[in-house]
2 protein chains.
Amino acid sequence: MSGVLHVLLHMAEVDGPVTSETLARMMQTNPVVIRRVMAGLKAAGTVRSDKGHGGGWTLARDLASLTLLDIYHGIGSPPLFAIGNRREAPECAVEQAVNEALDASLDEAEALLLASFGTVTLATLSQNFHRRLAERRAATSSGDRHDH
Amino acid sequence: MSGVLHVLLHMAEVDGPVTSETLARMMQTNPVVIRRVMAGLKAAGTVRSDKGHGGGWTLARDLASLTLLDIYHGIGSPPLFAIGNRREAPECAVEQAVNEALDASLDEAEALLLASFGTVTLATLSQNFHRRLAERRAATSSGDRHDH
DNA sequence: TCTCATGTAACTTTCAATGTTACGAACTAG
DNA sequence: CTAGTTCGTAACATTGAAAGTTACATGAGA
């Protein structure tokens, strides 16, 4: 998730297609790993890929029309929580009572989280990125006089 | 988490102390694993342990005074989410923007989840467990005539 | 004193995530 | 049409964290 967002924002900074090779160097990983996660996004219509000379990955939709929720589903909607339910011995009544209680809380939190994802666009992330860049430039050009 | 709750509810069904050996068989695991997770709960005052003959684990507090939140903290407050933030290259402005956005959503969901945990007592879980037992008994003694 | 039980360090095993290699398919430039 | 690029994907290797295991020390009761 975090890595994919990183990649997409970097792609938005370049106008032409970007190869898996280049993206892999940015993320300090392997081109095949990039292709794996991009596969889902491609199927979802978020990005497109082109082969051969001048090929690579391109954003297929506007940043403003993409939310964190789109990306989450694009990468296959993986489990959100680290503390899952035991699925062993589900016939045990104790197990069922425990799972019922945990599920109630987890489902509620999951609904909120996904709703929250739905309100954040990649355009917002990009804007925050550029704001940080500007602040950083201002800080260094003024000789780091502020703060500590 | 799920496993610990299972253990605690089983302990509540017995009046005397229960050994790690017995609990391990219930959970289909190893006694040492039981002692490991119980260590935190003991430090938190949730359970006590006694050595020697007739020893084992005992609930030190009433089920009604224990919430899921207490148990969560008792086992060391492990990470709740499976989709963490990248901590590599945190100086990259893109990374910072991504982490900022994800943290905002995750923190909000975490707060809700923990609050939700705080409202559920183990007494409630135990009641649900006994309700299930009663329903199951009723269903089998009536010959499974209802539903399918 | 002998047995039972926890406490804990050290080691091993397991398993899923990630990384890697290899090769086929599709595309472009010349 | 040929050569060079790039994605697509299967198969295998590596890694790291969680769980399991062994071993032994400590404390408590019969």
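So that the names make sense, note that chain A is the first sequence line, chain B the second, and so on, each numbered from 1.
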Residues in residues 39-49 of chain B with a heavy atom under 4.0 Å of DNA chain C, by number, are B:Lys42, B:Ser49
Just so I know, are the side chains of [X] and [Y] near enough to count as touching, which here means a heavy-atom distance under 4.5 Å?
| X | Y | result |
| --- | --- | --- |
| B:Leu63 | B:Thr124 | no |
| B:Leu5 | B:Ile71 | yes |
| A:Met38 | A:Thr46 | no |

Using a cutoff of under 3.5 Å, can you pull out all pairs of nitrogen or oxygen atoms linking the protein to nucleotides 25-30 of chain C, with atom names and distances?
from	atom 1	to	atom 2	distance (Å)
C:dA26	O4'	A:Lys51	NZ	3.3

Expressed as a whole number of angstroms, how long is the span from [X]:[atom1] to [N]:[atom2]?
| X | N | atom1 | atom2 | result |
| --- | --- | --- | --- | --- |
| B:Trp57 | C:dT6 | CH2 | P | 7 Å |
| B:Ile83 | C:dT18 | CD1 | C1' | 18 Å |
| B:Glu21 | C:dC4 | CD | C1' | 11 Å |
| A:Leu23 | D:dG8 | CG | P | 12 Å |

TODO: Look at A:Ser20 and D:dC7 and indicate whether a side-chain polar atom (N or O) is within less than 4.0 Å of OP1 or OP2.
DONE: yes
From [X] [atom1] over to [Y] [atom2], what is the distance, rounded to the nearest 0.5 angstrom?
| X | Y | atom1 | atom2 | value |
| --- | --- | --- | --- | --- |
| A:Met26 | B:Cys92 | CE | SG | 9.0 Å |
| B:Ile34 | B:Met27 | CD1 | CE | 6.0 Å |
| B:Leu112 | A:Leu113 | CG | CG | 10.0 Å |
| B:Gln96 | B:Asp103 | CD | CG | 11.5 Å |

Test: A:Arg131 and B:Glu100 ion pair at under 4.0 Å:
yes
Point to revise | Pairing of A:Glu21 and A:Arg35 as salt bridge, 4.0 angstrom limit | key: no
Sequence neighbours excluded, the answer for ring pair (Phe, Tyr, Trp, His ring centres under 6.0 Å) partners of A:Phe81 is B:Phe81
Protein and nucleotides 15-17 of chain D: nitrogen or oxygen contacts under 3.5 angstrom:
none

Margin query: Pair A:Glu135, A:His130 - check side chain to side chain donor-acceptor pair (under 3.5 Å), show working.
Written below: CA-CA 9 Å; A:Glu135 284 170 4; A:His130 283 111; over 6 Å; no
For B:Ser65 and B:Asp62, run side chain to side chain donor-acceptor pair (under 3.5 Å): C-alpha distance rounded to whole Å, both residues' side-chain angles, the deciding distance at 0.1 Å, then the answer.
CA-CA 5 Å; B:Ser65 74; B:Asp62 195 86; 5.4 Å; no
Note: contacts of residues 29-38 of chain A with DNA chain D (heavy atom, under 4.0 Å) are A:Val32, A:Arg35, A:Arg36
In short, ring pair (Phe, Tyr, Trp, His ring centres under 6.0 Å) pairs touching residues 26-80 of chain B with sequence neighbours left out are none
